[in-house]
Protein chains: 2
Amino acid sequence: MHVKGSLDGAGAVQSTPSAALQARDELTCQVRDILNRVGDKWSLSVVNELGHGSRRFNELKRAVPGISQRMLTVTLRVLERDGLVSRSVYPEVPPRVEYTLTPLGSTLLERVWGLIDWVLEHHDDIDEARGRHDAGRAPASGP
Amino acid sequence: MHVKGSLDGAGAVQSTPSAALQARDELTCQVRDILNRVGDKWSLSVVNELGHGSRRFNELKRAVPGISQRMLTVTLRVLERDGLVSRSVYPEVPPRVEYTLTPLGSTLLERVWGLIDWVLEHHDDIDEARGRHDAGRAPASGP
DNA sequence: CAGTATCCAAGGCGATACTG
DNA sequence: CAGTATCGCCTTGGATACTG
């Protein structure tokens with residue numbers, strides 16, 4: 001079910017214009033909120049890795065090259081807070097902690113794949129556009 | 001066409017493992033790059049507004065409450081560089097500049113709507129999860 | 001009208017060191 | 001193993017002033 005115009009309140013309730021505007025702003029914030037969650041430097045890599053099954057802390061650290069211990073912790077805490085990832089502690093020694101994608105997290109990952117498909121289909125176009133722009137707007141047919 | 005495992009190189013070429021890892025990292029970067037583009041503070045609002053037709057600079061500024069002149073300029077320049085938005089200058093006085101979503105930008109907006117739908121469907125779940133987390137992990141049935 | 005230039009504050013993130 | 005704590009750089013973005 002698509003709700004194409006919803007971001008600016010088209011098709012929304014017919015109360016005062018300011019109420020419609022406020023609803024738009026709220027929705028915009030929610031959407032941007034989620035986009036930032038999934039668009040920040042590490043969440044996507046972590047969620048994607050967890051998309052293949054449960055992982056321990058250091059497994060994730062190895063699977064996501066370049067991530068710092070601090071950022072892995074922070075990223076996992078945020079994902080856990082939002083209910084996208086669950087954390088299970090097994091009180092053994094040495095301690096074992098497993099992170100797992102929740103059903104909610106899986107549904108989000110599904111949607112993100114839609115964007116991944118788009119990137120695969122169009123990142124050539126973007127590269128080309130950037131090249132043209134950076135080269136001083138030379139048209140495609142130019143010298 | 002979905003390519004679910006592609007972010008970590010599953011189903012990719014069977015060269016050296018390091019080559020597969022490198023390809024994974026590259027794809028991850030590209031995807032995160034696009035997600036950041038669309039997930040930053042203002043791009044989504046601007047793109048969505050342009051989804052309804054061409055707009056002039058100050059029309060956009062009014063249509064996106066709270067955006068500063070600087071950030072509108074920066075956002076539009078980045079979107080233009082990526083070929084998602086086109087800029088047309090009409091050398092009149094007073095000067096007139098129109099911004100329009102390109103076909104490429106429209107296809108991206110389509111995919112973003114997929115995420116918007118997800119947000120509409122699940123932001124209650126996220127709010128609930130946050131509430132539980134912030135309240136000290138009280139279970140759903142507990143007092 | 002449609003920008004550009006400059007300054008400044010807040011937050012993101014990496015590096016490093018320490019702990020149960 | 002699985003973190004927490006602290007420091008400090010760098011980027012992001014708002015406010016303000018100036019321009020063609």
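In what follows, every heavy atom counts, from backbone to side chain, and hydrogens, waters and symmetry copies are set aside.
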Nearest whole Å is fine: how far is D:dC1 P from A:N58 CG?
5 Å
Geometric cation-pi criterion, B:R55 with B:Y99: 6.0 Å, 45°
no
note: B:E80, atom CD; C:dG3, atom C1'; distance rounded to Å ~ 13 Å
Encode nucleotides 14-20 of chain C as B, S and - characters from 5' to 3', where the letter depends on protein heavy atoms closer than 4.0 Å: B to the base, S only to sugar-phosphate, - to neither.
BB-B--B
Would you kindly give the CG-to-C1' distance between B:L76 and C:dC1, to the nearest whole Å?
14 Å
Which nucleotide sits closest to the side chain of B:R56: C:dA2, D:dA2, C:dG3?
C:dA2
Tell me every residue that passes side-chain contact (heavy atoms from CB on, under 4.5 Å) with A:T100, counting only those two or more places apart in sequence or in another chain.
A:S54, A:S86
Rounded to the Å, how far apart are A:R62 CZ and D:dG3 P?
14 Å
For A:V97, does its backbone N or O pair with a side-chain atom of A:R56 as donor and acceptor, under 3.5 Å?
no
Quick one: A:L72 CG to D:dT4 P, roughly how many Å, whole number?
11 Å
Nearest-nucleotide pick for A:T73, side chain only, options being C:dG3, D:dT4, C:dC1
D:dT4
Under 4.0 Å between a Lys/Arg side-chain N and an Asp/Glu carboxylate O for A:K61 and A:E49?
no
Indicate yes or no: at least one non-hydrogen side-chain atom of B:R87 is less than 4.5 angstrom from one of B:R77.
yes
Between the opening five pairs and the closing five pairs of the helix from C:dC1-D:dG20 to C:dG20-D:dC1, how far apart are the helix axes, to 10°?
40°
CD of A:E80 to NE2 of B:H133, rounded to nearest 0.5 Å, is 5.5 Å
Phosphate OP1/OP2 of C:dC1 contacted by B:Y99 side-chain N/O (<4.0 Å):
no
Value in whole Å for how far the P atom of D:dG13 lies from CZ of B:R77
16 Å
Distance, rounded to the nearest Å, where A:D40 contributes CG and D:dC10 contributes P
21 Å
Measure the distance from NZ on B:K61 to P on D:dG14 and round it to the nearest whole Å.
11 Å
Could I get the full list of side-chain contact (heavy atoms from CB on, under 4.5 Å) partners for B:T107, not counting sequence neighbours?
A:W118, A:H122, B:L104
For A:N36, all residues meeting side chain to side chain donor-acceptor pair (under 3.5 Å), sequence neighbours excluded:
none
side-chain contact (heavy atoms from CB on, under 4.5 Å) filter on A:P65, not counting sequence neighbours, yields B:R24, B:D25
